[in-house]
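The structure under discussion appears below in the form of structure tokens.
In this text, all values refer to a predicted model and were calculated from it rather than measured experimentally. These numbers come from the heavy atoms of this one structure, side chains and all, not from hydrogens, waters or symmetry mates.
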Amino acid sequence: MSSQLKDNILFKSIFQSSVEGILVIDDAGVIIKANPASQLMFGYNKDELIQKRLEILIPNKFKSNHKSHRIQFSKTPTSRRMGQNLDLWGLKKDGSEFPLEISLSPANIENQQIVIAFIIDITERIAAKKALLTSESRMTEAQRLAHVGNWSWNIQTNERSWSDEFYRILGLIPGDKKLNSESVRHFIHPEDRSSTIQAINNAIKNKTPYKHKHRIIRPNGTIRHLLTKGKVLYDTIGKPKELYGTIQDITRHKENELKLKNSKDKTQAILEALPDVMILYDKHGNHLEVHSPENYQLVAPYHDYIGHNIDKILPKKVCKKIRQGFADCEKTKKNQIVEYSLNIMGKLIHFESRIVKTETNNFLCIIRDITESDNAEKNSRKRTKTTINIRSRRVWLLALGFII
């Protein structure tokens, strides 16, 4: 078998088995050969494309331009890829269109000028590219909404990259030259710089994830609080290769946290200054929270209240009064006052409980010891009664002439 025959068999095998579409076209634009892949790609049966003009594979909107391009190519035929940075589309037999790439190679066979076109259907590639762009767009938007930026640092080359949101968090326009490998650490607040660098070094040394809170100073002087997370990648010999991760602007969270702490501190100070006991019940009479002044004698220890029902702690008569107070508060939408007495350590104590319905449909009872005022009132009434009796006796004695 001659080498030329071997080559012919090889070329024929490549032509038939190639996954790329291959068309052989004469200088008049007529298809003289089409491999199986090209027939399948355009939806034609075997040999249906033979002796058809190439224009049947081109959408109408591109046909006029194609003819001029083909004429221009025939004047200076060179191997090249068509449509780089252009939008190329093919037309299937059923009328549907699809994106493609074409490479052209001129050849001369038996003194006839021909062009071999290698065609690739790039539908999946375009779809994947669109999906990637959509994903990147969504990630960029998600980062913007969440104030989260991502970054990477090639430890071996010192190359760094930052997302658009990373720039914005630092108070910069994306791509701003103010942010670079040398300047990035200077954005860190001077008081936090040492601990931040140490946290990164520890993560690299101990091969652990990196997580650290610190402050930055923007170019305009404002301070932001950040949460930075990262992970280290190592090469095959265990040498640190790359550190990548995210930064999140948590300034608002820190401000709210501080406000909440201040609010809690103020609330706690107010509670500690109040002489009253405050108990929060749910609608079933279960204790949710209890606050009492220091050294205040409760019916039961504080921890025994939480989670338990009033029925297990207070006498039935008192429970009945309190539950009636809940019901009246619910019905009238007004605060209620309930008075009752308890025997605590052998001493009878009188209480006044103001019942308030909360926004969460629970009931807050503000309980005050009114024993002294109650006794004072009773003594006052007793003294008044005694005075009246004395005065009555004096009038009676005068009437009898015993008092001059």
Side-chain angles (χ1 to χ4, degrees), residues 145-147 213 225 227 248 250-382:
L145 293 173
H147 299 295
K213 291 181 181 179
H225 293 264
L227 171 62
Q248 182 177 8
I250 59 171
T251 304
R252 183 174 295 179
H253 173 75
K254 291 292 290 185
E255 290 173 349
N256 291 338
E257 193 177 74
L258 182 60
K259 288 179 182 178
L260 181 61
K261 183 180 183 302
N262 290 338
S263 176
K264 284 183 176 179
D265 290 344
K266 289 178 181 177
T267 302
Q268 187 62 33
I270 292 171
L271 289 175
E272 290 174 357
L274 287 175
D276 302 326
V277 175
M278 284 179 283
I279 303 178
L280 184 65
Y281 298 96
D282 64 16
K283 63 182 179 180
H284 303 294
N286 296 311
H287 289 75
L288 302 178
E289 293 183 34
V290 177
H291 170 79
S292 64
E294 190 176 356
N295 299 323
Y296 194 94
Q297 182 62 49
L298 294 171
V299 178
Y302 171 84
H303 62 271
D304 287 347
Y305 275 77
I306 303 302
H308 289 289
N309 196 276
I310 54 175
D311 293 329
K312 293 185 178 181
I313 298 173
L314 300 175
K316 289 183 179 181
K317 289 183 178 181
V318 175
C319 292
K320 186 177 180 180
K321 284 187 175 184
I322 293 176
R323 290 185 185 279
Q324 186 61 51
F326 291 171
D328 292 342
C329 189
E330 178 77 36
K331 182 179 179 180
T332 64
K333 309 299 181 185
K334 295 181 180 180
N335 300 343
Q336 300 295 312
I337 297 178
V338 175
E339 294 186 2
Y340 54 87
S341 301
L342 293 173
N343 194 319
I344 300 177
M345 299 182 68
K347 185 178 180 182
L348 189 64
I349 308 295
H350 305 288
F351 295 99
E352 176 189 86
S353 180
R354 294 178 179 269
I355 301 175
V356 180
K357 187 176 181 182
T358 69
E359 293 180 355
T360 54
N361 293 320
N362 294 318
F363 293 97
L364 177 66
C365 289
I366 305 170
I367 305 166
R368 174 166 294 183
D369 183 342
I370 60 171
T371 304
E372 290 186 7
S373 59
D374 190 58
N375 289 338
E377 185 178 345
K378 288 180 180 179
N379 290 334
S380 176
R381 287 199 299 268
K382 186 176 180 181

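Contact annotation: the side chain of Ser353 approaches that of Tyr340 to within less than 4.5 Å [non-hydrogen atoms, C-beta and beyond].
Rounded to the nearest 0.5 Å, atoms CD1 (Ile310) and SG (Cys365) are 8.0 Å apart. If you take NE2 on His350 and CG on Leu342, they are separated by 10.5 Å, rounding to the nearest 0.5 Å. A distance of 8.5 Å separates CD of Glu330 from NZ of Lys283, quoted to the nearest 0.5 Å. Separation of atoms CG (Leu348) and OG (Ser341) is listed at 5.0 Å; rounding is to 0.5 Å. The distance from atom CZ of Arg323 to atom NE2 of His284, rounded to the nearest 0.5 Å, is 9.5 Å. Interatomic distance, CD of Gln324 versus CD1 of Ile322, reported as 12.0 Å (0.5 Å rounding).
Partners of Thr358 under the side-chain contact (heavy atoms from CB on, under 4.5 Å) rule, at least two apart in sequence or in another chain, are Leu280, Thr360, Asn362, Leu364. By the side chain to side chain donor-acceptor pair (under 3.5 Å) test, Arg354 pairs with Glu352, sequence neighbours left out. Under the salt bridge (charged side-chain N to carboxylate O under 4.0 Å, His left out) criterion, Lys317 pairs with no residue, sequence neighbours left out. For Lys213, the side-chain contact (heavy atoms from CB on, under 4.5 Å) partners are Leu227, Ile250, not counting sequence neighbours. Lys320 meets the salt bridge (charged side-chain N to carboxylate O under 4.0 Å, His left out) test with no other residue; sequence neighbours excluded. Remark: Phe326 pairs with Tyr281, Phe363 by the ring pair (Phe, Tyr, Trp, His ring centres under 6.0 Å) rule, at least two apart or across chains.
Within a 6.0 Å sphere centred on NZ of Lys333, other residues, nucleotides and ligands contribute more than 12 heavy atoms.
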May I have the step-by-step check of side chain to side chain contact (heavy atoms under 4.5 Å, CB included) for Ile337 and Asn335, ending in yes or no? CA-CA 7 Å; Ile337 297 178; Asn335 300 343; over 6 Å; no

Walk me through whether Val277 and Arg368 qualify under side chain to side chain contact (heavy atoms under 4.5 Å, CB included). CA-CA 7 Å; Val277 175; Arg368 174 166 294 183; over 6 Å; no

Stepwise side chain to side chain contact (heavy atoms under 4.5 Å, CB included) test for Leu288 and Ile306: CA-CA 6 Å; Leu288 302 178; Ile306 303 302; over 6 Å; no

His287 and Ile279: side chain to side chain contact (heavy atoms under 4.5 Å, CB included), yes or no, with the steps? CA-CA 7 Å; His287 289 75; Ile279 303 178; 3.4 Å; yes

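Contact record, His225 with Thr251: N-OG1, 2.9 Å, taken as the closest heavy-atom pair. The two atoms that bring Lys357 and Cys329 nearest to each other are N-SG, 3.7 Å, heavy atoms only.
With Asn309 contributing its side chain and Lys312 its backbone, the two residues share no donor-acceptor pair below 3.5 Å.
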